[in-house]
Amino acid sequence: MDKVAVQIDGHTLTLSNLTKVLYPADGFTKAEVLDYYQRISAVLLPHIAGRPMTLKRYPEGVDAESFFAKHAPAHRPDWIRTEDVESRSSRSREPGAPVSYLVIDDLAALIWAANLAGLELHVPMWRFPGREPDLLVFDLDPGLPATVVDCCRVAEELRPLLEDEGLRPLPKTSGGKGLQLYAAISGLTAEQASARAKALAERMEEQHPGQVVSRMTRSLREGKVLIDWSQNNGSKTTIAPYSLRARSRPTVSTPVTWDEVAGCRKTDDLFFTAPDVLARVDAHGDLFAPLLPLLPPEALPSCRGEHHHVRHHLQQPVPGRRAGVRGLRRRRPREPAELRLHRQHVSQSGASEHRALLQQ
């Protein structure tokens, strides 16, 4: 199965190298990456739609060379949405020059990007048409020997400060070693959002000097949790909810509950792989849904359409290995994708209304 043509919402895609192992430690193949993104799309797409997308691509797998792809590839299909953004990054080779970004609004675009081995999906805190942020993010990054357990304790201290500011923070794992808090905002520029986040991070550092640091200086971070407020810069991106991470195992940046944060006592407590997350969404829905107050149910991206061929091809057994994913913790057996999509109660209104809303 080197190349397979599939139909998704009227678009023909050629999926390639499906048996290639992208996560060698677990034998997780490109077919399984595509299958995950197809099955999680109902909850993933509302969080990334309308945002400029930066892919982190791993064509030869997570143990090989990778690269960030901001510019939309020239060979993309003409139906893939792109938007030009003036570069404001100090690291840009041509400051002020426009960057043509991918915008992933629907399942077909998502599968096309995943087929490029775009394992990680990175987006900013704002959507088109403007650059006014709709989210505030605090990235809690532990400096060894601190771990995600320490991040949870810091998150519990940060939560009431944010709530006193009128915010309703929600936690998610980074998919790596840290934790992130998100809160919906409006009426602020990226500069104002960054200043607000910085002030809160510095306040935490003042109140908890033995636990927290708000500065990036590595010599200050040992055994403490960095509250990285800088991700609110309009030119920066953060790993998207439900995105895979390129770790040794196919971990996911996973929304979690505050009860799970409070109960975290060891690193495995907040360790989730792709199969784990599919089971969590099946049981609990989208824990990050409150961050989408402006998107009514009828405007959510749809997973409808003629994509049953995707499921068929991605569920074929890989020659030479047993069915399933080796070495992954599963809370329960994987179910057929058809059943999962049925249980997610996805809106049948389609992605066109969603795109229209974001372009208003």
I'd like to check Phe28 versus Leu22 (side-chain heavy atoms, cut-off strictly below 4.5 Å). Are they in contact? no
Lys NZ or Arg CZ of Arg159 over Trp258 ring: under 6.0 Å, within 45°: yes
Measure the acute angle between the ring planes of Phe68 and His122, then classify it against the limits of 30° and 60° as parallel, tilted or perpendicular. perpendicular
Between Asp134 and Arg51, does any side-chain N to carboxylate O distance fall below 4.0 Å? yes
Can you establish whether the number of heavy atoms outside Arg218 located under 6.0 Å from its atom CZ is more than 12? no
Are any of the side-chain nitrogens in Arg245 or Glu120 under 4.0 Å away from the carboxylate oxygens of its partner? yes
Sidechain-backbone polar pair: Asp106 side chain, Ala109 backbone, donor-acceptor under 3.5 Å: yes
Going by atom types alone, do Asp228 and Ser230 pair a side-chain donor with an acceptor below 3.5 Å? yes
Electrostatic pair Lys20:Glu60 at N-O distance under 4.0 angstrom: yes
Closest heavy-atom pair, Phe288 versus Pro255, reported as atoms and distance to 0.1 Å, is CD1-CB, 3.6 Å
Determine whether a donor-acceptor pair (N or O, by modelled atom type, separation under 3.5 Å) exists between the side chain of Ser41 and the backbone of Leu107. no
Tell me whether Lys30 contacts the main-chain N or O of Asn115 through its side chain, where contact means a donor paired with an acceptor under 3.5 Å. yes
Looking at Arg81 and Glu83, is there a salt bridge between them, counting it only when a charged N and a carboxylate O are closer than 4.0 Å? yes
With no hydrogens and no angle check, is any side-chain donor or acceptor of Arg76 less than 3.5 Å from a backbone partner on Pro73? yes
Electrostatic pair Lys224:Asp150 at N-O distance under 4.0 angstrom: no
Between Glu191 and Ser194, do the side chains contain an N or O donor and an N or O acceptor separated by less than 3.5 Å? no
Indicate the atoms forming the closest heavy-atom contact of Gln231 with Thr237, along with that distance. NE2-O, 2.6 Å
Decide whether Tyr58 and Asp63 meet the rule of one side-chain donor and one side-chain acceptor closer than 3.5 Å. no
Between Phe271 and Thr273, is there a side-chain heavy-atom distance shorter than 4.5 Å? yes
Between Asp269 (side chain only) and Lys266 (backbone N and O only), is there a donor and an acceptor less than 3.5 Å apart? yes
Salt bridge (Lys or Arg N to Asp or Glu O under 4.0 Å) partners of residues 179-189, not counting sequence neighbours, each pair once: none
Donor-acceptor pair, side chain of Gln207 and main chain of Met204, under 3.5 angstrom: no
Within the side chain of Thr217, is there an N or O that forms a donor-acceptor pair under 3.5 Å with the backbone of Ser219? no
Against the six-membered ring of Phe272, is Arg280 placed for a cation-pi contact (under 6.0 Å from the centre, within 45° of the normal)? yes
Does the side chain of Ser214 pick up a donor-acceptor pair with the side chain of Glu202 at under 3.5 Å? no
All salt bridge (charged side-chain N to carboxylate O under 4.0 Å, His left out) counterparts of Arg203, not counting sequence neighbours: none
Just distance, no hydrogens or angles: give the donor-acceptor pairs under 3.5 Å from side chains in residues 178-185, sequence neighbours left out.
unit_1, atom_1, unit_2, atom_2, d
Gln180, OE1, Lys172, NZ, 2.4
Tyr182, OH, Ile239, O, 3.4

Hey, is the main chain of Leu116 close enough, under 3.5 Å, to the side chain of Arg57 for a donor-acceptor pair? yes
Around atom CD of Glu222, are there more than 12 heavy atoms of other residues, nucleotides or ligands at under 6.0 Å? no
Check whether Tyr37 reaches the backbone of Leu244 with its side chain - one donor and one acceptor, N or O, closer than 3.5 Å. yes
Side chains of Lys198 and Asn232: is there a donor and an acceptor less than 3.5 Å apart? no
So, are Glu132 and Arg127 salt-bridged, with charged N and O less than 4.0 Å apart? no
